[in-house]
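One is the number of the first residue; the rest follow in order along the sequence.
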Amino acid sequence: MNASAAEVGDRGRVILHLDMDAFYAAVEVLDDPSLCGKPVIVGGTPSGHGVVSTASYEARRFGVRSAMPAVTAVRLCPDGVFLSPRPKRYAELSRRVMAVLAEYSSVVEPISIDEAFLDITGSLRLAGAPREIAFEIKRRVHETTGGLTASVGIAPSKFVAKVASDLCKPDGLVVVEPGRVREFLAPLPIERIWGVGPKSAEVLHRAGCRRIRDLQERSEALLVASFGEEMGRHLHRLANGIDNRAVVTSGSPRSVSSETTLGEFVPPDDIEAVERLLLRLSEDVATRLLRGHARCRGITLKVRDEKFVTRTRSTSLEEPTCLTEEIYGAARRLFTERVDLGRRRIRLLGVAAGHLSFDELEQLDLFDSPDRDRALRVATTVDSIRARLGRGAIVRGRLLDGPGRSSDKRVPRGRT
Ligand code: TTP
Ligand code: MG
């Protein structure tokens, strides 16, 4: 995919990322103004015990950083004011900040105590242009906390919004227009890309990639050839600002499941009946994932026998999915390979999808193979027909016998 298509692919989403500046240290200064302008270090002791939680920007000038052993911080900044953390107070102010954010969008995803994403696409007409909203949020955060500053980034995607908020800390405000995403990213060091830690950075540097521009200039195929399938695709996407992850609210489910209690117990060797049930349950789960714009990486099978003993078995998928066939395949494998019922008949079967991610599925090119791509298009079409005409409008051949109806034909276990 080329870059302009990537930017069009964002389809006008406006994502805001907010991150409080030197949060714990700023709270300490807020509550004790005599600390203003001093190198404040929260966490760790002046005698060098413990680890630094964070440091004020004054202390950072000496090289003090989060997660640094206090002994190092003392060496770098002997005049630092070391303070013990006060988690309750930080939590209280965090709640106030999050409450302000909730006034500007119903789609808020807190990432940590001092950081959140907002999807403000729907708020624009009501609350003003992106820059005005950002400005207003910063002002309100400052006001409700009694004086704390935050940095805000606005962009068409989560990745770029986060990079933007980080760029002009503290008290920053950076808006990246949809048409300028690549240009914005180009001069930044590759370390800005999520997942590029010191090790990957070293590999990239050796390949001559220091700036994001160096990645933009290489094709996806070349990046895949140089850094492997997963990393290559990841670098290509993010370097070009392609990141379709949605802002996920706390109301978004952690898992989606479907289960059925059987009026008539099913013998464990009636594989065909089990398969039919699993297929129906998987289809149910897949439909809900599809409608929720979610994909899952984990599948859990639940089997309760006639003596009320319940077994759950889980597995991970290689690729996140919302496709019936893939969910069914995993559930079926779990049943045949990991469940031993002895002679006990089945009274309940359930399929659950976990480890959900919430991508925008219309962005079909995120799917890795043409087959999956096609399968997703089919699933989407089937789902929309069902939504209009009812569930019975399209029924899989295998389900026509009636869900879960036992058949005379016994198939040996383990058949694929
Ligand atoms: P951050 O937002 O990462 O850092 P910060 O707010 O202190 O500074 P910045 O201006 O760069 O955003 O983390 C928020 C708080 O979480 C931080 O104030 C303290 C705490 N924290 C830890 O306790 N340990 C850590 O390793 C990190 C990174 C943060
Ligand atoms: Mg912060």
Side-chain angles (χ1 to χ4, degrees), residues 3-4 6-21 23 94 97-98 100-141 149-196 212 215-216 234-250 252 293 357-360 363 366:
S4 56
E7 286 165 14
V8 172
D10 289 318
R11 287 182 314 279
R13 284 195 307 157
V14 184
I15 310 293
L16 183 150
H17 179 257
L18 174 138
D19 185 354
M20 302 299 291
D21 302 316
F23 187 49
S94 170
V97 171
M98 299 299 167
V100 167
L101 299 182
E103 291 171 18
Y104 291 85
S105 172
S106 55
V107 191
V108 179
E109 179 181 353
I111 296 295
S112 73
I113 190 162
D114 80 329
E115 203 184 326
F117 285 107
L118 275 73
D119 189 324
I120 56 167
T121 317
S123 322
L124 295 176
R125 218 176 303 149
L126 288 174
R131 188 175 294 278
E132 285 168 34
I133 295 181
F135 194 76
E136 191 53 22
I137 287 178
K138 278 164 61 79
R139 193 188 64 73
R140 293 269 295 121
V141 164
T149 62
S151 294
V152 170
I154 293 190
S157 68
K158 278 179 150 181
F159 165 59
V160 181
K162 182 160 167 67
V163 171
S165 77
D166 214 32
L167 209 60
C168 295
K169 265 181 163 296
D171 207 10
L173 168 46
V174 174
V175 179
V176 185
E177 302 291 338
R180 316 198 82 127
V181 168
R182 294 186 83 232
E183 191 184 325
F184 166 76
L185 293 172
L188 302 176
I190 45 124
E191 285 84 351
R192 292 270 176 183
I193 293 180
W194 273 335
V196 177
I212 294 182
L215 297 172
Q216 290 174 349
H234 176 76
L235 291 172
H236 172 75
R237 275 188 217 156
L238 292 193
N240 288 291
I242 307 168
D243 171 23
N244 291 289
R245 288 167 311 152
V247 176
V248 180
T249 65
S250 55
S252 307
H293 291 255
S357 53
F358 295 82
D359 282 336
E360 299 217 347
Q363 191 73 13
L366 288 183

- Task: Give a yes-or-no answer on whether the side chains of Asp19 and Ser151 include a donor-acceptor pair shorter than 3.5 Å.
- Result: no
- Task: Could you check Ile111 against Lys162 for side chain to side chain contact (heavy atoms under 4.5 Å, CB included), going step by step and ending with a plain yes or no?
- Result: CA-CA 11 Å; Ile111 296 295; Lys162 182 160 167 67; over 6 Å; no
- What one should report as the nearest heavy-atom pair of Val176 and Ala164 is CG2-CB, 4.0 Å
- Message: Test your reading of the model: is there a side-chain donor-acceptor pair from Lys138 to the backbone of Asp171, 3.5 Å cut-off?
- Response: yes
- Item | Euclidean distance, Met98 CE relative to Glu109 CD, rounded to 0.5 Å | 10.5 Å
- Message: I'd like to check Glu115 versus His17 (side-chain heavy atoms, cut-off strictly below 4.5 Å). Are they in contact?
- Response: yes
- Item | Residues forming a salt bridge (charged side-chain N to carboxylate O under 4.0 Å, His left out) with Glu191, sequence neighbours excluded | none
- Message: Between Ile120 and Ile154, is the side chain to side chain contact (heavy atoms under 4.5 Å, CB included) condition met? List the steps.
- Response: CA-CA 9 Å; Ile120 56 167; Ile154 293 190; 4.0 Å; yes
- Message: Please find the pair of heavy atoms, one from Ala116 and one from Val108, that lie closest to each other, and give the distance.
- Response: CB-CG1, 4.3 Å
- Message: If the condition is salt bridge (charged side-chain N to carboxylate O under 4.0 Å, His left out), which residues does Glu177 pass it with, not counting sequence neighbours?
- Response: none
- List the steps, then state whether side chain to side chain contact (heavy atoms under 4.5 Å, CB included) holds for Ile15 with Val247. CA-CA 8 Å; Ile15 310 293; Val247 176; 3.9 Å; yes
- Quick check: does any side chain N or O of Asn240 sit under 3.5 Å from a backbone N or O of His236, one acting as donor and the other as acceptor? yes
- Task: For side chain to side chain contact (heavy atoms under 4.5 Å, CB included), just list the numbers for Phe159 and Ile193, CA-CA rounded to whole Å, side-chain angles, deciding distance to a tenth of an Å, and then say yes or no.
- Result: CA-CA 8 Å; Phe159 165 59; Ile193 293 180; 4.1 Å; yes
- Query: Between CD1 of Ile212 and CD of Glu183, what distance do you get to the nearest 0.5 Å?
  - Reply: 13.5 Å
